[in-house]
Amino acid sequence: MRTNMIRDEHMTVSYDMVNGWTVVEIDGDVDAHTSPVIREAVLKLIDEGHRHFVLDLSFVSFMDSMGLGVVVVVTKRIRKHQGSLRIAVASSRILRVFDLSGLREGYEIYPSPEDATRHAP
């Protein structure tokens with residue numbers, strides 16, 4: 001069952017448990033205004049004991065360097081707690097952001113959250 005963590009006029013962050021993965025779905029832009037909120041939402045889940053994450057960016061239409069920064073920050077925190085992170089993104093525009101930054105090679109990127117959660121962590 002999907003649980004909304006943040007819902008406002010600019011974005012929605014929700015999560016669901018699928019096959020041992022905490023799937024965090026972001027719907028909206030990931031930029032300087034929304035990145036701190038996303039970071040806090042994921043860190044709260046880590047503090048609650050979640051360890052294995054899929055960051056679902058399927059509904060993200062725009063991501064800037066602050067958005068990439070939040071991905072790096074939550075990755076470090078997840079790994080510090082012996083967890084793992086996969087990213088689900090189908091948009092060529094968002095994939096290009098990962099390519100241009102050089103971060104694509106450092107992440108397991110899947111075309112959908114279903115593909116990312118097919119196998120338990």
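- Side chain of Arg51 to backbone of Ile46: a donor-acceptor contact under 3.5 angstrom is found.
- Taking the side chain as every heavy atom from C-beta outward, Ser58 and Ser112 never approach each other to under 4.5 Å.
- Cluster annotation: Met17 is not connected to Leu55 through the hydrophobic network of ILVMFWY side chains, with a link wherever side-chain heavy atoms come within less than 4.5 Å.
- Listed by chain and number, the residues in a side-chain hydrogen bond (donor to acceptor under 3.5 Å, both in side chains) with Arg104 are Asp99 (sequence neighbours excluded).
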**Asked** Hey, mind stepping through Leu103 and Val71 against side chain to side chain contact (heavy atoms under 4.5 Å, CB included) and telling me if it holds?
**Response** CA-CA 10 Å; Leu103 290 176; Val71 171; 5.9 Å; no

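- For the pair Leu95 and Ile109, the minimum side-chain heavy-atom distance is below 4.5 Å.
- Using modelled atom types and a 3.5 Å distance limit, the side chains of Asp29 and Ser61 yield a donor-acceptor pair.
- Under the 4.5 Å side-chain contact rule for hydrophobic residues, Ile38 and Val97 share a cluster.
- Expressed to the nearest 0.5 Å, how far CD of Glu48 lies from CG of Leu43 amounts to 11.5 Å.
- Not a single donor-acceptor pair under 3.5 Å links the side chain of Asp115 to the backbone N or O of Arg118.
- Across Ser35 and Val30, no two heavy atoms sit closer than the pair OG-CG1, 3.9 Å.
- Under the side-chain hydrogen bond (donor to acceptor under 3.5 Å, both in side chains) criterion, Thr75 pairs with Tyr107, not counting sequence neighbours.
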**Asked** Stepwise, does the side chain to side chain contact (heavy atoms under 4.5 Å, CB included) test hold for Val54 with Tyr110?
**Response** CA-CA 9 Å; Val54 173; Tyr110 294 82; over 6 Å; no

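- Residue His33 qualifies as open at atom NE2: its count of foreign heavy atoms under 6.0 Å is 12 or below.
- In the hydrophobic cluster analysis, where Ile, Leu, Val, Met, Phe, Trp and Tyr join through side-chain heavy atoms closer than 4.5 angstrom, Leu57 is grouped together with Val42.
- Closest approach of Ala88 and Pro113 over heavy atoms only: CB-N, 3.5 Å.
- Note that CD1 of Ile94 is 6.0 Å distant from CE of Met63, once rounded to the nearest 0.5 Å.
- Contact annotation: the side chain of Phe62 never approaches that of Arg93 to less than 4.5 Å [non-hydrogen atoms, C-beta and beyond].
- Formation of a donor-acceptor pair under 3.5 Å by the Glu25 side chain with backbone atoms of Val23 is not found in this model.
- Looking only at distances, a side-chain donor or acceptor of Trp21 sits under 3.5 Å from a matching main-chain atom of His119.
- No more than 12 heavy atoms of other residues, nucleotides or ligands lie within 6.0 Å of CZ in Arg77, so this atom counts as exposed by the packing criterion.
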**Prompt:** Run the side chain to side chain contact (heavy atoms under 4.5 Å, CB included) check on Glu108 and Ile87 step by step: do they pass?
**Reply:** CA-CA 6 Å; Glu108 292 182 65; Ile87 297 175; over 6 Å; no

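- Taking each heavy atom of Gly106 and Arg79 in turn, the nearest pair found is O-NH2, 3.6 Å.
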**Prompt:** Stepwise, does the side chain to side chain contact (heavy atoms under 4.5 Å, CB included) test hold for Thr3 with Ser14?
**Reply:** CA-CA 5 Å; Thr3 302; Ser14 57; 6.0 Å; no

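- Side-chain contact check for Asp56 versus Ile26: every heavy-atom pair is 4.5 Å or farther apart.
- No more than 12 heavy-atom neighbours from other residues, nucleotides or ligands sit within 6.0 angstrom of CD on Glu105.
- In this structure the side chain of Leu45 reaches within 4.5 angstrom of the side chain of Phe53, judged on heavy atoms.
- Remark: side-chain polar atoms of Asp64 are paired, donor with acceptor, to backbone N or O of Gly67 under 3.5 angstrom.
- In the hydrophobic clustering of this structure, Val13 does not group with Phe59; members are Ile, Leu, Val, Met, Phe, Trp, Tyr whose side-chain heavy atoms approach within less than 4.5 Å, directly or through other members.
- For Ala90 against Pro111, the heavy-atom pair with the smallest separation is CB-O, 3.5 Å.
- In this structure, Asp31 and Met66 have side chains that are not in contact, with every pair of non-hydrogen atoms separated by 4.5 Å or more.
- Under the 4.5 Å side-chain criterion, counting only non-hydrogen atoms from C-beta, Lys76 is not in contact with Lys80.
- Hydrophobic clustering places Val37 together with Leu68 (ILVMFWY residues linked when any side-chain heavy atoms are closer than 4.5 Å, directly or through intermediates).
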